[in-house]
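To start, the structure itself, in structure tokens.
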Amino acid sequence: MDLRRRLPPKPPSTTTTIRHRKPNSNINQSSSTTVTVVAHRSSSPIPKASDALPLPLYLTNGIFFTLFFSVAYFLLHRWREKIRSSTPLHVITVSELVAIVSLIASFIYLLGFFGIDFVQSFIATSRVDDDSFTLEDDVEHHSKPKPRIMNHVAPAAGIGYTSEEDEEIVKLVVSGSIPSYSLESKLGDCRRAALIRREALERKTGRSVLELPVDGFDYNSILGQCCEMPIGYVQVPVGVAGPLLLNGCEYMVPMATTEGCLVASTNRGCKAVISSGGATAVLFKDGMSRAPVVRFGTAARAASLKFFLEDRINFDTLSIVFNKSSRFARLQSIQCSIAGKNLYIRFTCSTGDAMGMNMVSKGVQNVLDFLHIDFPDMDVIGISGNFCSDKKPAAVNWIEGRGKSVVCESVITEEVVRKVLKTTVPALVELNTLKNLAGSAIAGSLGGFNAHAANIVSAIFIATGQDPAQNIESSHCITMMEAVNGGKDLHISVTMPAIEVGTVGGGTQLASQAACLNLLGVKGASKESPGSNARLLATIVAGSVLAGELSLMSAISAGQLVKSHMKYNRSNQDMTTIKS
């Protein structure tokens with residue numbers, strides 16, 4: 001049997017000639033590229049559901065809207081008269097029967113009207129799915145974006161969106177008629193909103209973001225939570241250091257970074273720690289702080305509130321008010337500092353497995369509302385007065401702590417120092433004194449008595465969905481080294497008073513970051529012991545910092561720093577051959 005007779009004839013292929021300029025050609029020269037597009041489509045256009053209507057769509061809508069409300073009013077008026085005259089409602093006249101039929105018909109139309117787009121999308125999608133396209137030549141891409149129909153935007157489930165609609169929306173965003181930030185709420189499709197925003201951005205700026213990936217990301221997961229007006233996502237490689245032997249358990253530590261040597265160096269430190277029997281970490285304080293600033297008419301009134309808040313008799317009452325904000329928030333302390341007529345009130349509370357900034361802020365607001373009863377002349381200037389202190393280097397965090405306060409220590413044997421770290425105990429002790437202690441003091445450092453704690457903290461923060469900006473106070477660290485056991489072995493410790501981490505909320509809920517938390521065994525909230533996952537994460541951060549400090553200080557002591565960075569932190573690619 002000849003199967004070819006049963007196949008429909010192929011439609012003619014379409015050949016399109018596109019002219020473009022080569023990057024290095026003369027401005028008046030151009031070359032042409034022929035793109036052959038073979039589309040197995042029928043010659044008839046895709047029908048629309050609205051094409052079946054005898055009148056234009058807006059007229060049809062107007063007629064049925066008028067009919068619906070008119071007959072509804074008529075029937076309600078008639079039924080009211082029947083009720084007043086005690087006439088049975090099931091006894092209807094011909095006019096009432098016609099009105100009921102018209103009401104049902106108009107209701108069915110109006111209900112179906114909202115499904116027209118769905119029917120149209122279903123027809124269009126079915127037709128497009130049967131099409132096949134062949135591109136024989138590719139057109140060279142230019143960095144300067146050109147207006148294009150966004151055929152790559154996938155229709156949202158249950159809603160029919162055409163490429164023409166996307167193009168119109170792009171134009172409206174470019175012109176400012178539709179705010180870019182409102183696309184998600186107007187379209188109901190986060191990915192489609194990102195694609196349209198991205199296209200509008202390219203047209204407005206005249207610059208391409210082609211290399212910024214957009215596919216492969218769940219944009220619904222960040223809506224109202226992590227990022228506004230997304231146009232894609234940045235790829236950051238994640239390495240793993242370890243195993244880190246900490247408090248008798250081994251951890252493989254994920255680190256997201258673009259700095260060569262960092263993961264390798266931390267991994268070497270982990271090897272030195274585990275070869276010497278591991279490290280021990282102790283969390284000695286756990287409390288997030290928020291410090292509003294309030295103002296009074298006189299300094300005396302500000303002092304009165306200070307005395308009131310610091311009186312232990314009032315603390316229990318204030319705790320009850322504060323703790324209403326969450327089942328995990330528990331007020332721990334209130335610290336006040338006065339400056340003239342202004343009073344800064346630093347509230348500290350436990351926050352469970354959450355980092356806790358929102359939790360403590362809600363509790364503070366409850367207390368401020370309560371204080372207005374006895375101090376009606378109190379003027380709240382701001383919920384945060386920088387006495388907290390959040391995302392800024394501050395002595396109050398260095399001294400009082402914020403978040404999780406952890407100390408971690410380990411004894412590294414002489415043999416490991418010599419064979420793994422390639423240096424000696426006396427050399428490390430001397431370098432730590434002159435660099436991390438004396439050198440940082442000369443620089444006027446605040447909480448920076450370490451080699452590179454911020455490197456490890458930032459890498460773990462990014463990998464596990466923490467707030468990267470809180471690396472500032474979380475990296476407060478003092479590294480201590482001394483010779484022990486007759487001067488043969490090395491005792492190293494890191495003390496970090498303000499590690500601000502959580503395992504729920506914020507970026508911890510994103511899939512990639514949640515996977516890294518799961519690798520450490522601290523994903524989500526602990527049901528058995530609320531807050532234990534966040535506390536464990538803080539100790540892992542401190543243990544990783546200890547490993548990183550140990551390795552970097554050894555590299556500097558042995559004169560290996562420059563050599564290792566030249567090997568691992570420099571690209572081997574010939575940059576002259578890479579197209580811009």
Side-chain angles (χ1 to χ4, degrees), residues 42-129 149-151 153-197 200 220 223-224:
S42 62
S43 59
S44 60
I46 298 175
K48 298 180 179 179
S50 58
D51 294 341
L53 300 176
L55 295 175
L57 191 59
Y58 72 94
L59 289 179
T60 307
N61 289 344
I63 292 173
F64 276 95
F65 266 111
T66 304
L67 179 63
F68 178 80
F69 289 107
S70 298
V71 297
Y73 175 79
F74 170 76
L75 290 173
L76 291 174
H77 181 71
R78 292 288 298 163
W79 288 338
R80 185 180 64 176
E81 292 181 351
K82 288 184 177 182
I83 293 173
R84 288 178 175 178
S85 60
S86 300
T87 304
L89 294 179
H90 64 275
V91 178
I92 58 175
T93 63
V94 175
S95 61
E96 291 173 346
L97 179 62
V98 172
I100 292 174
V101 173
S102 301
L103 181 68
I104 295 174
S106 59
F107 176 77
I108 292 174
Y109 170 81
L110 293 176
L111 183 65
F113 172 74
F114 296 100
I116 287 180
D117 280 344
F118 172 78
V119 176
Q120 180 176 318
S121 171
F122 178 77
I123 296 174
T125 305
S126 300
R127 297 290 296 274
V128 171
D129 288 343
I149 302 297
M150 299 181 63
N151 294 319
V153 179
I159 305 177
Y161 297 127
T162 64
S163 59
E164 290 80 5
E165 288 177 325
D166 292 329
E167 177 66 18
E168 288 301 317
I169 296 173
V170 169
K171 292 178 180 179
L172 291 173
V173 173
V174 172
S175 66
S177 300
I178 294 181
S180 178
Y181 63 80
S182 67
L183 287 174
E184 281 79 5
S185 60
K186 290 182 180 296
L187 299 178
D189 185 341
C190 294
R191 180 180 179 275
R192 182 178 178 226
L195 290 169
I196 291 175
R197 182 181 295 111
N220 291 315
L223 181 63

Asp189 versus Leu183: any side-chain heavy-atom pair under 4.5 Å?
no

Atom pair CD/CD1 of Glu168 and Ile178 - distance to nearest 0.5 Å
10.0 Å

Measuring from Ile92:CD1 to Trp79:CH2, what's the distance to the nearest 0.5 Å?
9.5 Å

Say you draw a straight line from CG of Leu67 to OG of Ser102; how long is it, rounded to the nearest 0.5 Å?
5.0 Å

Any donor and acceptor pair, going by atom type alone, linking the side chain of Glu96 with main-chain N or O of Thr93 inside 3.5 Å?
yes

Using side-chain heavy atoms (C-beta onward) and a distance below 4.5 Å, is Asp166 in contact with Lys171?
no

For a side-chain contact (heavy atoms from CB on, under 4.5 Å) check, start with the C-alpha distance between Glu164 and Ile169, then their side-chain angles and the critical distance, and finish with the verdict.
CA-CA 9 Å; Glu164 290 80 5; Ile169 296 173; over 6 Å; no

Minimum side-chain heavy-atom gap Leu187-Ile196 below 4.5 Å
yes

To the nearest 0.5 Å, atom CG of Leu103 lies from atom OH of Tyr73 at 15.5 Å

Has Phe107 got more than 12 heavy atoms of other residues, nucleotides or ligands less than 6.0 Å from its CZ?
no

Closest approach of Ala99 and Val71, non-hydrogen atoms and distance?
O-CB, 3.8 Å

Side-chain contact, heavy-atom cut-off 4.5 Å: Ser95 with Phe74?
yes

Would you check if Arg197 and Tyr181 make a side-chain contact, meaning some heavy-atom pair closer than 4.5 Å?
no

Only one of Val174, Val173, Leu172 forms a side-chain contact (heavy atoms from CB on, under 4.5 Å) with Val170, so which one is it?
Val174

